[in-house]
Amino acid sequence: MRKALLVVSKEFEDHLSEAITIAKSADYEVVDVIMRPRPGRRLSDAACDLIARRAKEGGAEVIIYYGYLEPSSIYRLEKASRLRVIDRVMTILEIFAQHAGSKEAKLQIEMARLKHLLPIVREYVRRSKMGEQVDFLGPGRYAFESYVKYMTSRIARIRRELEQVKERVVSEELRRKESGFVIAAIVGYASAGKTSLFNMLTGESKPVGPEYFTTLSVKHKSVNYDGLQVVFVDTVGFVRDVPPEIVEAFYSTLQEAALADIVIFVIDVSEEVEVIKEKLEAGLSTLRRLGALDKRTVIALNKIDLVPAGTLSTRRAAVEKMLRETVGEAPVVELSALKGWNQDLLLKEVIGLARMLRSASTSLQEGLRVETRPQASKG
Ligand SMILES: Nc1nc2c(ncn2[C@@H]2O[C@H](COP(=O)(O)OP(=O)(O)O)[C@@H](O)[C@H]2O)c(=O)[nH]1
Ligand SMILES: [Mg+2]
């Protein structure tokens with residue numbers, strides 16, 4: 001984990017815990033936090049110096065600016081600190097990149113990154129033309145100039161590639177379905193416990209090879225239950241207020257959930273009821289937009305080890321009420337991924353659904369085979 005100084009902009013002052021969660025999910029250890037006293041996208045020279053000093057004192061390797069900054073402020077802060085500055089968008093994109101399962105998602109993320117970085121790199125070029133030394137982070141003027149050229153042509157190329165890739169996703173999906181796997185995607189908010197649950201469920205399992213997925217990702221693992229192959233997928237967390245310029249990248253990263261047969265929706269029930277409801281609401285609307293709301297869904301109420309005695313039933317009732325109004329009845333399992341509690345109850349639900357789906361799809365495939373036989377014999 002790289003050490004980061006977290007600077008939270010005034011606009012996000014109420015989101016400190018979310019900022020820390022996002023930084024952690026992107027694999028940063030937050031060594032110090034600065035709350036910005038004033039709103040706006042600009043940093044004064046004095047502010048840059050202060051942030052740079054705190055970064056140095058804390059031994060930070062990176063500065064995360066949780067908010068928006070003008071390119072010239074990023075430039076000046078990088079110059080003052082001699083450290084890479086990544087803003088909220090870049091941090092979230094790093095999380096997406098860890099989870100991008102498909103070629104499309106990878107391309108969307110790369111394009112969002114390039115578009116976001118372009119004005120910053122242009123700022124380096126502009127400053128160097130004004131005679132400034134711009135090599136404090138390594139590359140000098142000419143490297144930045146050729147980087148701008150590379151970035152613009154790469155963006156154009158990705159646009160073309162994306163058009164073709166969409167078709168491939170569909171055919172790959174069909175092939176995978178024929179392989180007989182049942183896919184269970186683990187979804188939920190950042191820090192709900194998705195990865196913990198994934199690890200718990202797949203402790204003894206094997207990663208799924210590239211012949212079935214476009215990725216070699218460790219986020220897919222297959223478990224065999226009496227001949228029934230279930231592939232668990234650890235997906236990228238839901239994020240509140242996804243910046244518009246990365247919405248496409250977000251949805252294509254989450255596409256795994258849309259392609260899954262079963263959705264395991266993890267909820268951190270140790271949070272306040274209001275927070276639980278707010279996050280559930282946001283999660284459900286994300287699934288709706290993905291077209292994944294009609295999937296077989298199991299709700300995992302996680303972190304029950306942290307829930308004060310006697311309050312679990314109220315929390316559960318609040319969740320169930322919201323579910324009835326949206327996805328309808330869905331099985332709810334109370335568990336602790338950390339302690340391994342109720343793993344068997346969750347598995348029972350997942351395997352039950354998987355068996356049902358397998359037998360349904362086997363009879364469907366047999367039906368199809370009969371229908372296509374005359375065509376196949378034409379050669
Ligand atoms: N007490 C407790 N902590 C948990 C539980 N499940 C996950 N955590 C913790 O919650 C944090 C986030 O978990 P993680 O699996 O990384 O969440 P993800 O962001 O959804 O993948 C970690 O510090 C976990 O150790 C649980 O059942 N009980
Ligand atoms: Mg995770």
Side-chain angles (χ1 to χ4, degrees), residues 1-2 4 6 15-30 64 66 88 91-101 105 109 184-203 205 207 215 217-221 231-242 250 253-257 260 263-272 275-276 278-280 282-284 286-287 292 297-309 311-312 315-316 319 332-347 349-350:
M1 269 202 186
R2 289 159 297 169
L6 176 65
H15 298 231
L16 174 60
S17 72
E18 187 160 289
I20 293 173
T21 300
I22 296 259
K24 274 196 201 154
S25 301
D27 259 345
Y28 293 101
E29 180 198 343
V30 175
I64 297 179
Y66 203 76
R88 179 169 187 261
T91 313
I92 295 176
L93 282 174
E94 287 187 14
I95 302 173
F96 292 176
Q98 294 169 10
H99 286 268
I109 292 165
I186 303 174
V187 306
Y189 244 80
S191 206
K194 296 179 298 299
T195 304
S196 308
L197 195 64
F198 175 79
N199 291 339
M200 175 179 100
L201 291 168
T202 62
S205 66
T215 35
S217 157
V218 291
K219 317 275 177 193
H220 297 96
K221 277 187 176 177
V231 177
F232 290 97
V233 188
D234 184 11
T235 68
V236 68
F238 301 142
V239 182
R240 223 178 329 190
D241 309 323
V242 178
F250 176 58
T253 306
L254 254 181
Q255 197 64 31
E256 307 255 34
V263 168
I264 302 174
F265 194 144
V266 189
I267 296 171
D268 177 353
V269 269
S270 71
E271 295 189 292
E272 297 293 323
V275 178
I276 294 174
E278 207 179 292
K279 289 187 173 176
L280 178 60
L284 289 170
T286 306
L287 290 179
T297 304
V298 181
I299 306 290
L301 300 182
N302 189 32
K303 308 199 188 181
I304 57 168
D305 56 300
L306 297 178
V307 175
T311 64
L312 185 57
R315 293 162 196 243
R316 178 176 174 142
V319 170
V332 176
V333 180
E334 300 164 0
L335 52 85
S336 167
L338 195 68
K339 309 264 184 194
W341 296 349
N342 288 351
Q343 175 178 1
D344 48 341
L345 292 184
L346 179 65
L347 271 179
E349 296 292 349
V350 173

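Fair warning: this is a prediction, and the values are worked out from it, not measured in the lab. Whatever order the structure lists ligands and atoms in, that order sets their numbers, starting from 1. One is the number of the first residue; the rest follow in order along the sequence.
In this structure, the side chain of Arg315 engages the main chain of Glu271 through a donor-acceptor pair within 3.5 Å. Under the 3.5 Å distance criterion, the side-chain polar atoms of Gln343 are matched with a main-chain donor or acceptor of Met200. Under the 3.5 Å distance criterion, the side-chain polar atoms of Thr253 are left unmatched by any main-chain donor or acceptor of Ala100. Within the 3.5 Å criterion, the main-chain N or O of Lys303 finds no donor-acceptor partner in the side chain of Asp268. Not a single donor-acceptor pair under 3.5 Å links the side chain of Asn342 to the backbone N or O of Val333.
Among protein residues, Tyr189, Ala190, Ser191, Ala192, Gly193, Lys194, Thr195, Ser196, Asn302, Lys303, Asp305, Leu306, Ser336, Ala337, Leu338 come within 4.0 Å of ligand 1, judged on heavy atoms.
Counting only protein N, O or S atoms closer than 2.8 Å to the Mg ion (ligand 2) gives 1.
Not counting sequence neighbours, Phe232 has no partner by the ring-ring contact (aromatic ring centres under 6.0 Å, His included) test.
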TODO: Could you please spell out the steps behind the side chain to side chain contact (heavy atoms under 4.5 Å, CB included) verdict for Ile186 and Leu201?
DONE: CA-CA 11 Å; Ile186 303 174; Leu201 291 168; 4.3 Å; yes
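Screening residues 15-26 for salt bridge (Lys or Arg N to Asp or Glu O under 4.0 Å), with sequence neighbours left out, gives Glu18-Arg240.
Here the CG-CD1 distance, from Asp234 to Ile264, works out to 10.5 Å after rounding to the nearest 0.5 Å.
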